[in-house]
Amino acid sequence: MLDPLLNIAIFIIWWWMALLALLPVGVRRVEQGDIDLGHDAGAPQKPLMLKKALWAAGAAVILWALTATCIWFDPFHIRD
């Protein structure tokens, strides 16, 4: 049985890795003429952070389940 804190830690690590992998997906830069004074020219027009966070959560659930299954059933006989 996995410790609950270990489960949470594994999920958080997978969530951050998935979020960082999803950050550049679908990013469009602001057009040159639309840049306001004081804004970065490389900033994304619509970062869609909520959508990416939800996708990362879904990916983290799947990856957490795979990790927990490998720890629980030990298919590679690491403990031997």
Side-chain angles (χ1 to χ4, degrees):
M1 190 79 183
L2 291 174
D3 181 32
L5 290 177
L6 180 62
N7 281 324
I8 293 169
I10 291 171
F11 179 81
I12 289 172
I13 290 168
W14 279 126
W15 184 83
W16 273 107
M17 289 178 63
L19 181 67
L20 292 174
L22 288 170
L23 281 177
V25 174
V27 173
R28 292 196 185 359
R29 292 179 49 175
V30 178
E31 298 296 326
Q32 281 302 108
D34 296 337
I35 298 173
D36 294 331
L37 185 63
H39 288 220
D40 185 15
Q45 194 168 12
K46 294 181 184 177
L48 303 172
M49 287 302 296
L50 180 61
K51 184 178 177 181
K52 291 177 184 181
L54 292 175
W55 275 99
V61 167
I62 293 169
L63 294 168
W64 169 83
L66 289 171
T67 305
T69 303
C70 285
I71 292 172
W72 181 265
F73 292 110
D74 194 22
F76 304 109
H77 307 292
I78 295 172
R79 295 182 186 153
D80 291 343

Show me the donor-acceptor pairs within less than 3.5 Å that the side chains of residues 6-21 make with the rest of the protein, sequence neighbours left out.
unit_1	atom_1	unit_2	atom_2	d
N7	OD1	W64	NE1	3.4
W14	NE1	T67	OG1	2.9
W15	NE1	A53	O	3.3

Please confirm whether the backbone N or O of R28 pairs with a side-chain atom of K46, one donor and one acceptor, at under 3.5 Å? no

Are any of the side-chain heavy atoms of V27 and Q45 separated by less than 4.5 Å? no

Show me the donor-acceptor pairs, under 3.5 Å and distance only, between side chains in residues 54-62 and residues at least two apart or in other chains.
none

